[in-house]
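Take a look at the structure below.
Being a predicted model, the structure only gives us computed values, none of them experimental. Proteins come first, then strands; the chains are lettered A, B, ... in the order of their sequence lines, and each starts at number 1.
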Amino acid sequence: MTAAPKLEIDLEIEATWERVAILRGMIISAALAVSRDAALSEAVGMVASELLENAVRYGAFEQPGVARRVRLRVVTSDTDVEVTVASPVAAVDERLDGFRATLAWLASFPSPREAYAARVRELAEGPLTGGSRMGLVRIAAEMPCSLDATVDDKRVLHVRAVVRRGPLP
Amino acid sequence: MKTHKFGDLLIDVHERPSGTVRLDWRGKSNLPQPENVLTPFLTDVTLAATAQKALLEMHFETLDFFNSATITTIIKYIKQLPQGRSLAVFYSPKQPWQKIFFDALWVFERSHKLFKINAVADSPTSVR
């Protein structure tokens, strides 16, 4: 059997909102060129965009010696698409705990779609305070995938989404 | 018809003689804080439609993309609609991300009798 075409993107970019919008379009085009799957490519673009937006919005760029940059990696294998976004975290940072709390909350539902509906219901019926968590919730619902996060010894948070795409047609 | 631009998002406002104010969302809603510009705009349009006793329609069928901050902004807007204010929204069920979002908005149909969600099956497909 011939191996599926591969996509491998590894970019370090300035952490600005404008770059996120540009990258989303680029990721969709590249994924479409490799996979020929428009729905999958749109979803991969959404996943990259939401993870990058979180990184740009919440990254700890104000620390001494920390560049205002984020790193995006998109890598495909025969069966998966892996999207990873890396950004700096502060010495005391609640992002990892918040991320894990959101994953635990998602796992408490029978399906990500039900979690999405529940989050919309919470926003509709409850007070609108704090972060919406909607970025991770929509990733899980719109493109079922595994999500995880780690912090390395350089205090960089790596958030990863692995989408099972199945074999190419 | 007047077109309002918010970054990569365009909203066309049509005021029809039939007494309907129709908003067509186009492009990509990807601003970092869409609430800062969309909430005042939508509030003004809603007040004007109410003063004219006009029906209010919002069409999302040809919208290419919205970020999660836009999702929250739309939910807040609908949540704050006055009870006597009608609103009909239209979406494309062919776009999975639109279907998931508007399916989840049923909660507003339950609490707000004048809020209606409409799937437009033959809506044009947009890419990016």
Legend entry - Residue-level interface, residues 101-112 of chain B with chain A, non-hydrogen cut-off under 4.5 Å: B:Phe101, B:Asp103, B:Ala104, B:Leu105, B:Trp106, B:Val107, B:Phe108, B:Arg110
Inset, instruction - Please report the C-alpha distance between A:Val20 and B:Asn30 in whole Å, then the side-chain angles of each, then the deciding distance to 0.1 Å, and finally whether the side chain to side chain contact (heavy atoms under 4.5 Å, CB included) criterion is met. - result: CA-CA 9 Å; A:Val20 175; B:Asn30 51 20; over 6 Å; no
Inset, instruction - Treating Ile, Leu, Val, Met, Phe, Trp and Tyr as nodes and any side-chain heavy-atom pair under 4.5 angstrom as an edge, say whether A:Ile13 and A:Ile22 lie in one connected cluster. - result: no
Inset, instruction - Spell out the residues in residues 103-118 of chain A that have some non-hydrogen atom less than 4.5 Å away from a non-hydrogen atom of chain B, in order of number; otherwise answer 'none'. - result: A:Arg113, A:Tyr116, A:Ala117
Inset, instruction - Return yes when atom NZ of A:Lys154 has more than 12 non-hydrogen atoms of other residues, nucleotides or ligands closer than 6.0 Å, and no otherwise. - result: no
Inset, instruction - Could you tell me which residues in residues 32-44 of chain B have at least one non-hydrogen atom under 4.5 Å from a non-hydrogen atom of chain A, sorted by residue number? - result: B:Pro32, B:Gln33
Legend entry - A:Arg24 versus B:Asp64, closest heavy-atom pair with distance: NH2-O, 4.2 Å
Legend entry - Side-chain heavy atoms of A:Met46 within contact of B:Trp97, under 4.5 Å: no
Inset, instruction - Any chance you could measure B:Gln95, atom CD, to A:Glu42, atom CD, to the nearest 0.5 Å? - result: 7.0 Å
Legend entry - Donor-acceptor pair, side chain of B:Lys76 and main chain of A:Ala124, under 3.5 angstrom: no
Inset, instruction - Heavy-atom distances under 4.5 Å only: say whether A:Glu53 touches chain B with side chain, backbone, both or neither. - result: side chain
Legend entry - Nearest heavy-atom neighbours spanning B:Phe66 and A:Arg138: O-NH1, 2.6 Å
Inset, instruction - Verify the distance criterion only: is there a donor paired with an acceptor across the side chains of B:Asn67 and A:Glu50 at less than 3.5 Å? - result: no
Inset, instruction - Go through the atoms of B:Leu31 and report whether side chain, backbone, both or neither lie under 4.5 Å from a heavy atom of chain A. - result: backbone
Legend entry - Residue-level contacts of residues 66-76 of chain A with chain B, using a heavy-atom cutoff under 4.5 Å: none
Inset, instruction - Verify the cluster assignment for B:Leu47 and B:Ile11: are they in a single hydrophobic cluster under the rule of side-chain heavy atoms below 4.5 Å apart? - result: no
Legend entry - Within one Ile-Leu-Val-Met-Phe-Trp-Tyr cluster: A:Met26 and A:Leu51, side-chain cutoff 4.5 Å: yes
Legend entry - B:Lys5 NZ: over 12 foreign heavy atoms closer than 6.0 Å: yes
Legend entry - Rounded distance (nearest 0.5 Å) linking atom CG of A:Leu123 with atom OG1 of B:Thr73: 10.5 Å
Legend entry - B:Ser68 side, atom OG; A:Asn54 side, atom CG - distance, nearest 0.5 Å: 6.5 Å
Legend entry - Heavy-atom closest contact (A:Met134 atom, B:Ile71 atom, distance): CG-CG2, 3.8 Å
Legend entry - Closest approach of B:Ile100 to A:Ala141 (non-hydrogen atoms, all atoms of both residues): CD1-O, 3.6 Å
Legend entry - Shared hydrophobic cluster for A:Leu11 and A:Leu52 (ILVMFWY, side-chain gaps under 4.5 Å): yes
Inset, instruction - Would you kindly confirm whether B:Val89 and B:Ile75 end up in one hydrophobic cluster when ILVMFWY residues are joined by side chain heavy atoms under 4.5 Å apart? - result: yes
